[in-house]
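Scroll down for the structure; my scribbles are underneath it.
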Amino acid sequence: MGAVNGVCYGVLGDNLPSRSEVVQLLKSQGIGAMRIYYPDKEALDALRGSGIAVIVDVGDSGAVANLANNPSAAADWVRDNVEAYWPSVIIRYITVGNELPAGDMGLILPAMQNVHKALVSAGLSSSIKVSTAIKMDVVADTFPPSHGVFSSDVQQFMVPIARFLANTVSPLLVNVYPYVSYRENPRDISLNYATFQPGTTVRDDGSGLTYTNLFNAMVDAVYAALEKAGTPNVRVAVSETGWPSAGGFAATAENAMNHNQGVIDNVKNGTPKRPGPLETYVFAMFNENQQTGDETRRHFGLFNPDKTPAYPITPYPRPAVQSIGVCYGMVGNDLPSRSEVVQMYVSMGINRMRIYNPDREALDALRNSGIDLILDAGGFDTVSYLAASASNAASWVHDNISPYYPAVNIKYIAVGNEVVGGTTESILPAMRNVNSALAAAGIGGIKVSTAVKSDVIANSYPPSAGVFAYPYMNGVAQYLASTGAPLLANVYPYFAYAGNPREISLNYATFQPGTTVRDDGNGLTYTNLFDAMVDCIYAALEKAGAGNVRVVVSESGWPSAEGFGASMDNARAYNQGLIDHVGRGTPKRPGQMEAYIFAMFNENQKTGAATERHFGLFYPNRSPVYQIAFPN
């Protein structure tokens with residue numbers, strides 16, 4: 001799961017905007033995730049097709065008791081509140097209980113188990129996870145963070161809950177409020193430390209880690225408690241955090257702004273104990289005038305009820321460039337129609353696509369969609385045909401490009417995909433002929449390239465040693481340099497890992513923390529295999545005299561089943577890691593990188609290893625294979 005900045009949408013007010021207005025406000029602010037505190041049908045209807053992921057709470061302790069005591073009630077709840085909306089509403093988690101007191105905590109696990117079983121029966125348990133949201137007082141000995149342990153009065157409940165979460169690969173949802181800790185102990189906790197301001201450094205001698213803000217220390221105390229419960233792999237998602245802007249001690253607009261902006265800016269970095277993206281939801285969207293309790297409860301909103309900001313903040317900036325695409329393969333007999341697929345891309349905010357032949361129905365569906373396209377010319381026979389004569393290439397452009405461009409935004413033409421054998425000698429003449437045909441047709445906005453496998457590189461470790469293994473690649477690289485076109489490269493850390501798991505760690509292959517590799521040849525440090533593989537291609541381009549050629553990753557992905565290391569968790573970790581990473585580039589080439597995930601769907605007619613049929617982000621029925629978040 002990537003860094004997710006979401007908001008909690010409470011509705012305890014008599015002057016709040018309509019549900020549809022709220023969804024539009026979320027979209028206008030670039031907020032891609034939200035939490036609601038009961039299955040609000042009007043809100044869920046407003047969320048259809050919005051691309052906004054949602055945490056849905058089941059309701060109060062009475063609702064939890066009903067789900068715990070009655071498996072059929074759980075099945076009914078899933079039918080009415082999940083199946084009725086999925087997948088047009090992207091339900092990420094179901095929360096069974098929010099801050100339930102110790103006296104009710106015995107209800108949580110049986111209710112979670114019943115809801116999970118209902119999701120299994122509905123075929124949704126891999127996509128939608130079941131959890132519960134706890135208060136920080138469930139954890140004792142929170143200072144230093146390494147001492148964190150579940151409190152003795154709730155340990156009998158929390159340890160089995162944590163084990164359930166580990167078994168179902170679900171996160172623990174935690175409501176984390178540095179404001180409350182600071183308000184209760186301002187003598188020992190500085191305001192700067194509580195609000196992400198500089199000036200305070202706290203060292204945890206138990207772990208050797210250093211903390212510069214209270215939020216991270218509180219989250220890491222929960223991780224320490226999970227470790228002591230025997231569930232170190234359970235991920236924490238911060239289901240609430242915030243700071244009031246009025247109504248009580250230290251409740252000012254300035255402090256609220258500092259804390260919430262600090263949270264928003266922090267999630268991409270994670271905590272000292274768990275670096276990397278941290279999923280976090282700010283409480284709350286609005287100041288709610290019917291919240292009960294002390295006055296501060298009515299002043300946690302980022303926005304006033306009239307939709308104006310409660311204070312200046314840069315909540316959820318979108319990336320300046322959407323540089324991730326998805327490969328649309330069609331080797332299946334149960335896939336959606338081409339027009340349905342294009343609508344999926346648009347609704348998901350995926351604005352780049354690759355298709356593997358000039359499929360007329362797909363090209364027609366792409367007209368005026370705004371989706372950038374890599375269009376493959378076709379198979380090896382097509383490469384040979386295009387290389388044979390200029391007139392062949394002219395005919396191909398006349399039939400497959402001119403009728404669609406520019407209504408279809410064809411960005412690159414891939415002359416061959418992973419070409420091998422004698423056909424490799426046809427790549428360069430075919431590219432030349434297609435470029436000439438484009439020029440003759442007056443089409444100047446399309447670049448011509450070819451897509452290569454990683455095995456065109458020899459000496460791939462360390463990255464700086466990379467060199468092309470075949471002489472034809474030097475000519476291809478130099479031609480790309482002369483035309484300003486990128487080299488398309490299919491980069492699969494999965495295959496490298498599966499072929500050598502003894503020397504390549506799973507974390508390194510899936511963008512997870514814990515591995516650092518230094519390349520003594522260039523002095524650069526690598527924390528993931530993807531970057532190392534791409535930089536190896538850059539090293540080969542430099543040695544071929546084409547150091548200015550850009551690499552576009554035309555395929556990359558990880559299978560979710562049917563092979564070594566092929567699991568939903570690994571596929572989710574890798575693909576979300578890739579999505580979150582492309583904006584940064586590689587150590588050798590920092591900056592935006594263009595990459596395409598393989599593939600949109602599980603394709604049941606793919607040949608070869610069984611894993612080939614399980615690279616999809618989606619099932620043919622358009623439901624997600626696992627949850628993933630795209631930038632837009």
Side-chain angles (χ1 to χ4, degrees), residues 319-325 352 354 372-377 409-419 424-425 427-436 438-439 443-491 519 521-526 530-556 578 581-596:
V321 178
Q322 156 67 298
S323 57
I324 196 82
R352 300 188 186 208
R354 179 182 180 186
D372 292 344
L373 182 69
I374 299 179
L375 175 61
D376 281 39
N409 189 19
I410 301 168
K411 191 171 185 181
Y412 311 122
I413 295 170
V415 176
N417 182 50
E418 301 184 350
V419 176
T424 56
E425 298 303 324
I427 294 172
L428 185 52
M431 290 167 63
R432 287 197 175 108
N433 286 342
V434 172
N435 259 325
S436 296
L438 290 171
I443 298 172
I446 302 174
K447 296 296 184 182
V448 180
S449 186
T450 189
V452 299
K453 289 176 70 171
S454 292
D455 64 7
V456 301
I457 306 294
N459 304 332
S460 59
Y461 181 81
S464 60
V467 63
F468 286 124
Y470 307 106
Y472 77 88
M473 280 303 303
N474 293 315
V476 167
Q478 290 160 14
Y479 180 71
L480 295 175
S482 71
T483 62
L487 175 64
L488 308 181
N490 299 342
V491 178
D519 183 337
N522 59 20
L524 298 173
T525 298
Y526 293 85
F530 175 86
D531 280 352
M533 293 175 74
V534 173
D535 277 359
C536 189
I537 300 170
Y538 275 122
L541 286 165
E542 289 180 351
K543 293 182 179 74
N548 63 327
V549 171
R550 182 169 58 92
V551 172
V552 168
V553 177
S554 44
E555 286 184 14
S556 192
L578 179 61
H581 181 74
V582 291
R584 296 192 289 274
T586 71
K588 188 174 182 67
R589 292 291 177 92
Q592 283 281 351
M593 176 196 304
E594 191 174 348
Y596 293 74

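We count residues from 1, following the sequence as given. None of the values given here were measured: they were computed from a predicted structure.
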Q: State the CG-NZ distance between Leu373 and Lys411, to the nearest 0.5 angstrom.
A: 11.0 Å

Can you give the donor-acceptor pairs under 3.5 Å from side chains of residues 479-491 to other protein atoms, not counting sequence neighbours?
residue	atom	partner	partner atom	Å
Tyr479	OH	Asn435	ND2	2.8
Ser482	OG	Tyr479	O	2.6
Thr483	OG1	Tyr479	O	3.4
Thr483	OG1	Leu480	O	3.3
Asn490	OD1	Arg354	NH1	3.4
Asn490	OD1	Ser554	OG	2.7
Asn490	OD1	Glu555	N	3.4
Asn490	ND2	Asn417	OD1	3.0
Asn490	ND2	Glu418	OE2	2.9

Q.
Within this structure, what is the CD1-CZ distance for the pair Ile324 and Arg352, rounded to the nearest 0.5 Å?
A. 9.5 Å

(Q) Listing request: all side chain to side chain donor-acceptor pair (under 3.5 Å) pairs with a residue in residues 536-550, at least two apart in sequence or in separate chains. (A) Tyr412-Arg550, Glu542-Lys588, Arg550-Glu594

Q: Measure the CG-CG distance between Asn433 and Leu438 for me, rounded to the nearest 0.5 Å.
A: 11.0 Å

**Q.** Gap between atom CG of Asp372 and atom CG of Asn409 - 0.5 Å precision
**A.** 4.5 Å

Q: State, with a plain yes or no, whether a side-chain heavy atom of Tyr472 is found less than 4.5 Å away from one of Ile427.
A: yes

Q | Check: Ala544 main-chain N/O paired with Gln478 side-chain donor or acceptor under 3.5 Å | A | yes

(Q) Please determine whether side chain to side chain contact (heavy atoms under 4.5 Å, CB included) holds for the pair Ser556 and Phe530, giving the CA-CA distance in whole Å, both sets of side-chain angles, and the decisive distance to 0.1 Å. (A) CA-CA 9 Å; Ser556 192; Phe530 175 86; 4.0 Å; yes

For residues 456-464, which side-chain donor-acceptor pairs fall under 3.5 Å, sequence neighbours excluded?
residue	atom	partner	partner atom	Å
Ser464	OG	Asp519	OD1	2.9
Ser464	OG	Asp519	OD2	3.1

Q.
Applying side-chain contact (heavy atoms from CB on, under 4.5 Å), can you list everything that pairs with Ser436, at least two apart in sequence or on another chain?
A. none

Q. Applying side chain to side chain donor-acceptor pair (under 3.5 Å), which residue pairs with at least one partner in residues 445-456 are found, sequence neighbours left out?
A. none

Q: Identify the heavy atoms of Val415 and Ala377 that sit nearest to each other, and give their distance.
A: CA-CB, 4.4 Å

**Q.** Close side-chain approach of Tyr596 to Val552, heavy-atom, < 4.5 Å
**A.** yes

Q. What distance separates Asp535 CG from Tyr526 OH, expressed to the nearest 0.5 Å?
A. 3.5 Å

Q: Starting from the C-alpha separation in whole Å, work towards a yes-or-no answer on side chain to side chain contact (heavy atoms under 4.5 Å, CB included) for His581 and Asp531.
A: CA-CA 10 Å; His581 181 74; Asp531 280 352; 2.7 Å; yes

